[in-house]
Amino acid sequence: MSKSMLIISRRSPWSGPSAREALDIALAGGAFDLQVGMLFLDDGVLQLAGDQRPALLEQKNLGANLQALPLFGVDALFACATSLAQRGLSETNLTLPVEVLDDAALRSLIGRFDHLVTL
Amino acid sequence: MKFAIAVFSPAHAPSSRRALRFAEAAIQSGHQVARLFFYQDGVHSASSNIVTPQDEVDIAAQWRSFVEQHQLDAVVCIAAGLRRGVLNQDEATRHGRPAANLSAPWDLSGLGQLHEAAQLADRLICFGGD
Amino acid sequence: MSTLHVISHSPFADDRLDSCLRLLANDDGLLLCGDAVNALRAGSPVEARVRNADLQQRLFVLAEDVRARAIHSELAQALDYIAFVELTLKYDKVNSWL
């Protein structure tokens, strides 16, 4: 039985390579068939906002790369309801099929994984 | 117990020193450091080109001697390293860069090494930021 | 499974501590190190939030960080690195808020 890892991604996609490097950990885990989950928290939920134009800032499209998660077998995807609400984002208009969880559900989610990496 | 320790900050950050002191304490307590993995800005902690002012503690040098003394498995993420200019001789040659700043005891490898370490360790501990 | 949360950023500059306190389960612990120990500065609003979080027996600080900053608090148990290592084994896993 392999150990599971939850990657908690809490940086905006516009704040340098951190959000992309959190995603890379998840994709690498998926490529090795490991049990990997990803939780978008705090500014990390901004990665799920629609209609973003990274090309205007001469950046690659992280949103497109996030779509690779299910292809790599990483379909345990979650977002924090509080973080979304704090940033005025609606649960119904996100770019990934995430399960939106309240704080109590997040506490139990975090409890279920063997390892945690929060970036 | 087996620890996997991941470092996300450069040698001048307090958290790089904290990671080093934690790893030293783990070994002193009879535990095993299964792997050190340097990711994000942590790749700078492994750079051999850091010149610390003489009146400051040289954490980069301490990392190197700690890894050598205990013959630890110390891996620098290749993608994070390339992005930040931390290259071994092979990568410097491959990408036509004038200098390498990474050498033994560090290995340059991929994120799979972080996952492998997490699989075989009892605890994965990350150090980064301030 | 229980989690030891570790925070090293100053609580005055970002939302890590607040998010962590929000998501801390009843059997989780919290270790403050680096500038995060400023959360224990007596009289600060942050210290009041930590005090109200009901963290008896599960709030820890790295001793060198509070001593270096001349912070004195009865809220947290101060640890050296050997005790830090052992603490990570008392919890099932560690979550560092990088």
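Atom set for the values below is all heavy atoms of this structure, side chains included, hydrogens, waters and symmetry mates excluded. In what follows, chains carry the letters A, B, and so on, assigned in the order in which the sequence lines appear, proteins first and then strands, with residues in each chain numbered from 1. In this text the structure is predicted, and so the values were computed from the model without any measurement.
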Practice task
Mind checking side chain to side chain contact (heavy atoms under 4.5 Å, CB included) for A:T92 and listing every partner two or more places apart, or none if nothing turns up?
Solution key: A:S90
Handout entry: chain A contact residues among residues 1-9 of chain C, heavy-atom distance under 4.5 Å
Key = C:M1, C:T3
Exercise for the section: Check the pair C:S19, A:Q86 against side chain to side chain contact (heavy atoms under 4.5 Å, CB included), reporting the backbone distance first and the verdict last. Expected result: CA-CA 12 Å; C:S19 291; A:Q86 283 170 340; 5.9 Å; no
Exercise for the section: Flag the pair A:R87 and C:D15 as a salt bridge only when some basic side-chain nitrogen lies within less than 4.0 angstrom of an acidic carboxylate oxygen. Expected result: yes
Fill in the blank from the handout: Those residues of residues 27-56 of chain A that come under 4.5 Å of chain C on a heavy-atom basis, listed by number, are A:L41, A:D42
Handout entry: Side-chain ion pair, C:D28 and A:R107, N-O less than 4.0 Å
Key = no
Handout entry: Residue-level contacts of residues 108-119 of chain A with chain C, using a heavy-atom cutoff under 4.5 Å
Key = A:I110, A:G111, A:R112, A:F113, A:D114, A:L116, A:T118, A:L119
Completion exercise
Tightest non-hydrogen contact, residues A:R10 and C:L98, listed as NH1-O, 4.0 Å
Handout entry: Gap separating the CG atom of C:L23 from the SG atom of A:C80, nearest 0.5 angstrom
Key = 6.0 Å
Fill in the blank from the handout: Cut-off 4.5 Å, heavy atoms of chain C, and the answer for A:L6 is neither
